[in-house]
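Take a look at the structure set out below.
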Amino acid sequence: MSSLFRYTRAVVCGVPSSLPANALRQNSDIDNISLEKARLQHKKYVDTLKSLGLQVTALEANEEHPDCVFVEDVAVVCENEALITRLGHSSRRGEEKAMKNALEKLGLRIHEMSAPASLDGGDVLFTGREFFVGLSSRTNQEGITKLSEVFSKYPVHGIAVEKHLHLKSMMTMVWDDTIVVGESEPAQKAWAEIKNTASFQYKCVTVPEDKAANCLIVNGTVVHLVSEEIPKSVEKFRQLSCPKIELSNSELHKVDGCLTCLSIFIE
Ligand code: CIR
């Protein structure tokens, strides 16, 4: 049984109607997004968290912020501390207000970040022992420095992210000491940098599709994408001996949303 990644609560946010037309996206050449399907997939995600024993606080969708469903980016929570981020894309700034209120109400100690620092939570990989933080188009060195001040008891390492939106678009924890990493060249390069800088040794599961490398571990269960979305990689998850749940995320993935970006977990 995994002893890390045990949580009692999660914070999520609804999917706004403004998302299909206005959410940020790396690839503008994508299929239409079905709002109805996105909301249904998001509901199943929230129901899954509840089924894993979490009490879920749901923030109301904010139409002025088409990307507000991606709550992972606006805060980094570890133990009793919450760092409210200054989002890397200026159009998303303001999303953090609702999260700050919610985390304050839940009794977390709040820290804030000011310019020129910027950081998206999607760049923050916490292994339970140390932080790896993507230096990406959204997260800068000042953001990483602020994170290391707030979570000063853990080592913090910056990792170059060249092509992907975030570090966790290509790797996440899949068990206490194991990281699942995409097979692409940029993902493997980032993994090599992690191996070189890490204070601990991690095992690695490599998956052929980078998007498969974004999964959740919640209270001993691994939550990953359904086989239709990761046909070449699903077998790697089937080989894990822990409990597993599969979820669809086809619609939010069109605007670069992964499974981790839809929630903030609280221990
Ligand atoms: C953005 O570009 O900011 C959103 N469309 C997607 C954010 C995804 N966040 C995440 O993976 N942590």
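Indexing begins at 1, ligand by ligand and atom by atom, following the structure's order. Note that the numbering runs from 1 along the sequence shown for the chain.
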**Message:** Evaluate Ala23 for polar contact with ligand 1, using N/O atom pairs at a separation under 3.5 Å.
**Reply:** no

**Item:** Contact with ligand 1 for His166, non-hydrogen, under 4.0 angstrom
**Value:** yes

**Distance-only N or O hit between ligand 1 and Arg138, under 3.5 Å** = yes

**Complete:** Note: ligand 1 atoms sitting under 4.0 Å from heavy atoms of Val255 are 4 (C), 5 (N), 6 (C)

**Prompt:** Is the Phe126 to Phe132 ring centre distance short of 6.0 Å?
**Reply:** no

**Item:** Under 3.5 Å: donor-acceptor pair, side chain of Asp123, backbone of Val133
**Value:** no

**Asked** When you measure from the side chain of Glu96 to the backbone N and O of Thr85, does any donor-acceptor pair fall under 3.5 Å?
**Response** no

**Complete:** protein heavy-atom neighbour closest to atom 8 (C) of ligand 1 works out as Asp256 O, 3.4 Å

**Prompt:** Quick one: nearest non-hydrogen protein atom to atom 11 (O) of ligand 1, plus distance?
**Reply:** Cys261 CB, 3.2 Å

**Prompt:** Quick one: does Asp120 get an N or O within less than 3.5 Å of an N or O on ligand 1?
**Reply:** no

**Prompt:** Does any N or O in the side chain of Lys244 come within less than 3.5 Å of the main-chain N or O of His224, such that one atom is a donor and the other an acceptor?
**Reply:** no

**Prompt:** At a 4.0 Å cut-off, with the gap strictly under it, does some heavy atom of His89 reach an atom of ligand 1?
**Reply:** no

